[in-house]
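Quick notes on the structure that follows.
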Number of protein chains: 2
Amino acid sequence: MTTRKSSGSTTATPAKRQRATSGSASERRDHLVKLAAEIFARKGFQATTVREIATEAGILSGSLYHHFDSKETIVDEVLSTFLDDLIARYRAALESGSDPRTVLSEMVRIGFGTLEPHRAAITVMQNDWNYLRQFERFNYLVKAEDEVEQMWVTQIKAGQAAGQFRTDVDPKLTYRMIRDTIWVAVRWFRPGGRLNPAGLAEHYITVLFDGLATGERTSQRA
Amino acid sequence: MTTRKSSGSTTATPAKRQRATSGSASERRDHLVKLAAEIFARKGFQATTVREIATEAGILSGSLYHHFDSKETIVDEVLSTFLDDLIARYRAALESGSDPRTVLSEMVRIGFGTLEPHRAAITVMQNDWNYLRQFERFNYLVKAEDEVEQMWVTQIKAGQAAGQFRTDVDPKLTYRMIRDTIWVAVRWFRPGGRLNPAGLAEHYITVLFDGLATGERTSQRA
DNA sequence: GTCTATACCGAGATAGAC
DNA sequence: GTCTATCTCGGTATAGAC
């Protein structure tokens, strides 16, 4: 049994513990996780059977349990891999020390930028979050969410204090709307489509900061 | 067997056929649908068992099948009830003959306005759409989605033609982002919270049309 | 590391009495 | 309109041979 179990850690998400144990065994495991992620994204976590995952991997369902001790463990790895990467990127953006508007733009770009490499994980998170959060082992999802929220809200407030952003909007509410707009895009975003992630990001940044209306501001309430 | 089956119709969604057949039998059925909707929203469609629905209704699972011929039929009724109402409201807004910006604002208000009365249905649609769309019987979901998209995109294009909206944004993409922002709000929206649906709508309309930035436009690309 | 075989359970649904 | 009883299926997971 090569199975790695979920456990606490000092970072925001618990997974990828023992990831240092590389080699071909680890690559095999990673391959299975990626494969499963695609099926989870396509059919939903609960509708995906371990038999299905095994079949697509060219083995039988019993053999999957040599690598993972449960279906939950697989999806756990899918989600935590994504969150680890996302949070690391956000931290880097925050450490640039740029002004709030610049940092916020960069965070928007980071978000849309994950659509391609983490499409499956984001889809699973969007569709199955509500179900998975019921289980203790996925408590870290909420923790990671809180940490990310703090990063965004802090920047929005800083931008308001610096006079870059209008002060008649609610920081937390604004963050939620930005967040939702980015991640939900995974539902219709298709790699190779009319717009790439970078194009989506610039489009959204334009509307977010300057608005859809032409000409003068209709309500400069600030 | 009082069960009503799904069938085609001239409107966008098929359900609520025979809804005229009112009386206490129909009320009982409606009550069961509303009850089921809440559980679907809380636990997800697949994770909800017919036993659970029956228990919360104070009956046994076998008795449920006197009212519905399958679990799918129940969720079908949940979703089509919502879509029928939504599309009817949109149509009314379009028929007002107002300018695009006014109509679009009204459509945003309509969207947020459904959060409270249709919270459960919207939650189910957000979380289980991907799963349900696999089945033929839910093809009408996609049809309804297309009809709604047409309504929005037409208004956005009209606004651009009239000079109300900037022309350097993509109408379809802009629609998707607006749509996503509205519906995903059910994930965190709680009736009785800090902001009511009307407040959310006005907040969003402000940012959507005028942007988050203060002062002059940074990029008036149009 | 994969296979065969199977245990075990809980799901949706049905039949017929009341 | 509800209950009792039960069928059937397909899911996750396990044990041990190879």
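Numbered from 1 within each chain, the chains take letters A, B, ... in sequence-line order.
Note: A:Trp152 and A:Tyr175 have tilted aromatic rings, judged against thresholds of 30 and 60 degrees for the angle between ring planes.
A:Asp180 and B:Trp188 share a side-chain donor-acceptor pair at under 3.5 Å. Side chains of B:Arg89 and B:Thr114: no donor on one and acceptor on the other come within 3.5 Å. No donor-acceptor contact under 3.5 angstrom links the side chains of B:Asp170 and A:His203, judged on distance only.
Between B:Thr181 atom OG1 and B:Leu208 atom CG the span is 8.5 Å, to the nearest 0.5 Å.
Atom-to-atom, NE2 of A:His66 to C1' of C:dT2 comes out at 9 Å; the value is rounded to the nearest Å. Nucleotide D:dA15 holds its P atom 17 Å from the CG atom of A:Leu64, rounded to whole Å. The distance between atom NE2 of B:His31 and atom C1' of D:dG1, rounded to the nearest whole Å, is 15 Å. Rounded to an integer number of Å, the gap from CZ of B:Arg28 to C1' of D:dG1 is 8 Å.
With sequence neighbours excluded, the residues forming a side-chain contact (heavy atoms from CB on, under 4.5 Å) with B:Arg187 are A:Gln126, A:Arg187, B:Gln126, B:Asn127, B:Val184, listed by chain and number.
You'll find that the side chain of A:Leu60 is closest to C:dT4, out of D:dG1, C:dT4, C:dT2.
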Open item on the list: Return a single string for nucleotides 5-18 of chain C, one symbol per nucleotide in 5' to 3' order, where B is base contact, S is sugar-phosphate-only contact and - is none, cutoff 4.0 angstrom on heavy atoms.
Closed with: ------BBBB----

